[in-house]
Amino acid sequence: MGHGSGGTDGAGTGIGTTAGAGVATGSGTAVGEETRPGTGTGSGTGAEAAVDYAAVFQALPGSVSLLTPGLVFADANEAFLRLAGRRREQVVGRHLFEVFPDNPNNPSADGVRNLEASLRRVLATGERDAMALQRYDVQPVDRPDEWEERYWSPVNAPVRGADGSVVLVVHRVEEITELLRARGGGRSGNQPGSQSKNQPGSQSENRSAGRTENRSAGRTESPPHALEAELYTRARELQEVNERLRRAHAREREVALALQEAMLPAPGRVRHHSAAVRYRPAVGALNVCGDWYDLVDLVGGHRIGVAVGDVVGHGLAAAGVMGQLRSALSAASRMAAGPAQALDVLGRYAHVVDGAEAATAVTTFVDFDHHTITYSSAGHLPPVLVHPSGRVELLDRATDPPLDARPDPVPRPQATTSFDTGATLALYTDGLVERRREAIDTGLARLTEALARHRTEDPETLADSVLLELLPPGGTTDDTALVIVRL
C-alpha cells in the first residue's frame, strides 16, 4: 500500500520473481523462476498463441501484488510499485509489514492489525476477503521522517496449489484518498503528499453548527473534512460489526459440529460386518450439520438398517432437527416391518418438527440370512450396490417425495434386490455428487466409477478413496456424509 514519488526498476519480471522459490502459480510458472516477456505459459497449439501470463500480470490495470503464506512479497505489478513509490528490489522478497509498517506517530494506527487479520482469514478459509475502507499511513522513501495519511480499499484473494492449499494471496489495493477528499470538496492544510498531522479518531462533530472541531490540531475544520471523517468512522464501525459476526459464526459452527458429532453414531462394526462412515462439513460460512447417517441392528434375524438423510438449513437449528429425525428413524426401524413403514412413521413425525419440512432420507434393511436389501427413499439420492464382479446397481426403484411433502400421508413404496457375499453398499448425501452447473448424472457416474474401481479395498480405505476422488481439493459448499458397508 502506498503512494509517492519513485518509479520501478522496469525489469518486468512479473509472476516469476520472488524470494520463495518453488511455489507454483496458477499460470504454471514456479514462483522463483524468472519469466521474461514473450515466453508463454499457456497451452496454445498450432497457430494459437500461448498466453504470456507474466505480461498479463504486469499489464493489469489495478495495483496487485502476490504474497506468500508467510506474508512475504512474491511479486508486484508495475501499477502496485508506482502506487507504493518503491522499486521492485525494495518490495519483492521482503515481508509485507517490513515494507509497510504502521505509523509510529499515530497511537490509534491499526492498519497492520486489520490487514494481517484479513490475510490470515484468506489463508485459513481459502475464501476471498474484501476489507472495509482502511486508513494506512505510508512513509515516503525519499522522506523517511514523514508519514502520509492515506485511505485504501483492499481486497485479498487466494491462489490454490494442486493439492487445494493456499500457496499465494493476491493482494489488490485501490487508493481512495483523493476520492474521499474530492467528495468532500478538498481539504486545506493536508493535501496529497503533505505530512499528516491529524487523526480521524480524534474529532468530534458539532452538527448544529455544521462544523468539526479537531482537538489535536487545535483548529476548526470545514464540513468537507467532517464528511471525510464521517465516512472513515462509518467504514470502521462496519468492519468491527463484521468482525464480531465472524467470531459469532465461528462459535456457532464449532458448537453445531460438536453437537452433531455427539448425536451421530460412532463408526465401527455392525453385527460383525465392516462399515465405514465419513462426514465432511462444508467450507466457509455455516453450511454445516444438515446431513446425518445411522446404522442400527434390527430386531429378528441377522439384519441391519443403514440410512442417511439431509435436513434443509444449516447451523445449530439444522443440527437439532437432524438429531430428532435420526433418533426417530432409528427407533421406527427397530419396530417397522420394512423401510417403507419406517419412513411413513418418520414422515408423520417430521410434520410436527419445525425445520423438518422437505428433509430427505433413504433407508435400507439388509438381511444377511436371505442376502437381500429392501429399501425406500423419501426424495433422497439412490444408494449404490457394487457387486463383487464390479457390476454397479443404483437402488432407485422405490423413490418418493421428501418427508412431509404431502398434505395427507400416503404409504411409501419399497423395493428389494439381492446381493452376494463381498458386495459393497454405499449411501451418501448430495454434497458428494452435486456440483454447480453440472448435471447430477455426471456426479453419480463419478461415484459409481470410483466405487467399482476401488471395490476390493476395505471399507475404511474405500471411503477415503471415494472422498479423495470426488470432493474438490478446497472442499464443497455443502456438507457430505458417506456410509460404506461390506456385505
Side-chain angles (χ1 to χ4, degrees), residues 260-277 279 291-311 321-353 356 359-385 393 395-400 402-404 409-429 459 481-487:
Q260 183 183 49
E261 183 177 355
M263 288 189 294
L264 291 176
R269 301 177 68 86
V270 180
R271 285 283 183 94
H272 308 294
H273 289 274
S274 184
V277 297
Y279 173 76
D291 293 7
W292 53 272
Y293 58 84
D294 192 36
L295 297 95
V296 59
D297 290 324
L298 300 177
V299 177
H302 188 186
R303 300 188 304 149
I304 64 170
V306 186
V308 296
D310 190 357
V311 172
V321 175
M322 173 274 296
Q324 294 180 76
L325 294 184
R326 188 199 68 81
S327 298
L329 181 59
S330 183
S333 297
R334 286 180 169 89
M335 303 300 296
Q341 187 179 31
L343 288 182
D344 284 339
V345 173
L346 183 63
R348 290 180 174 86
Y349 179 71
H351 183 69
V352 298
V353 176
T360 66
V362 60
T363 184
T364 61
F365 284 17
V366 182
D367 188 328
F368 293 98
D369 292 332
H370 299 92
H371 281 225
T372 60
I373 300 174
T374 305
Y375 59 92
S376 183
S377 173
H380 202 82
L381 292 164
V384 180
L385 176 62
E393 181 180 353
L395 307 187
D396 57 2
R397 294 184 290 113
T399 301
D400 218 31
L403 300 173
D404 196 31
V410 175
R412 293 184 180 272
Q414 66 181 34
T416 301
T417 190
S418 60
F419 67 88
D420 294 324
T421 300
T424 301
L425 177 65
L427 285 78
Y428 53 94
T429 56
L482 172 66
V483 181
I484 301 287
V485 179
R486 181 60 41 78
L487 303 177

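Along the sequence shown, the residues carry numbers beginning at 1.
Here the CG atom belonging to L346 is positioned 11.0 Å from the OG atom belonging to S330, to the nearest 0.5 angstrom. Of the inter-residue distances, the one linking F365 atom CZ with T416 atom OG1 reads 11.0 Å to the nearest 0.5 angstrom. Interatomic distance, CG of L427 versus OH of Y293, reported as 13.0 Å (0.5 Å rounding). To the nearest 0.5 Å, the span separating CZ on R348 from CG on L343 amounts to 11.5 Å. Atom CD of Q341 and atom OG1 of T363 lie 12.0 Å apart (nearest 0.5 Å). To the nearest 0.5 angstrom, L403 atom CG is 7.5 Å from T360 atom OG1.
Tested against P383 for a side chain to side chain contact (heavy atoms under 4.5 Å, CB included), the candidates T364, D396, V306, V483 yield a single pass: T364. The residue from T417, I373, L425 that alone fulfils the side chain to side chain contact (heavy atoms under 4.5 Å, CB included) condition with E393 is T417.
Using a 4.5 Å heavy-atom threshold, the side chains of I304 and F368 count as touching. Between V366 and V485, every side-chain heavy-atom pair lies at or beyond the 4.5 Å cut-off.
Closest non-hydrogen pair, V308 versus Y428, comes out as CG2-O, 3.5 Å.
Note: F419 and H371 have parallel aromatic rings, judged against thresholds of 30 and 60 degrees for the angle between ring planes.
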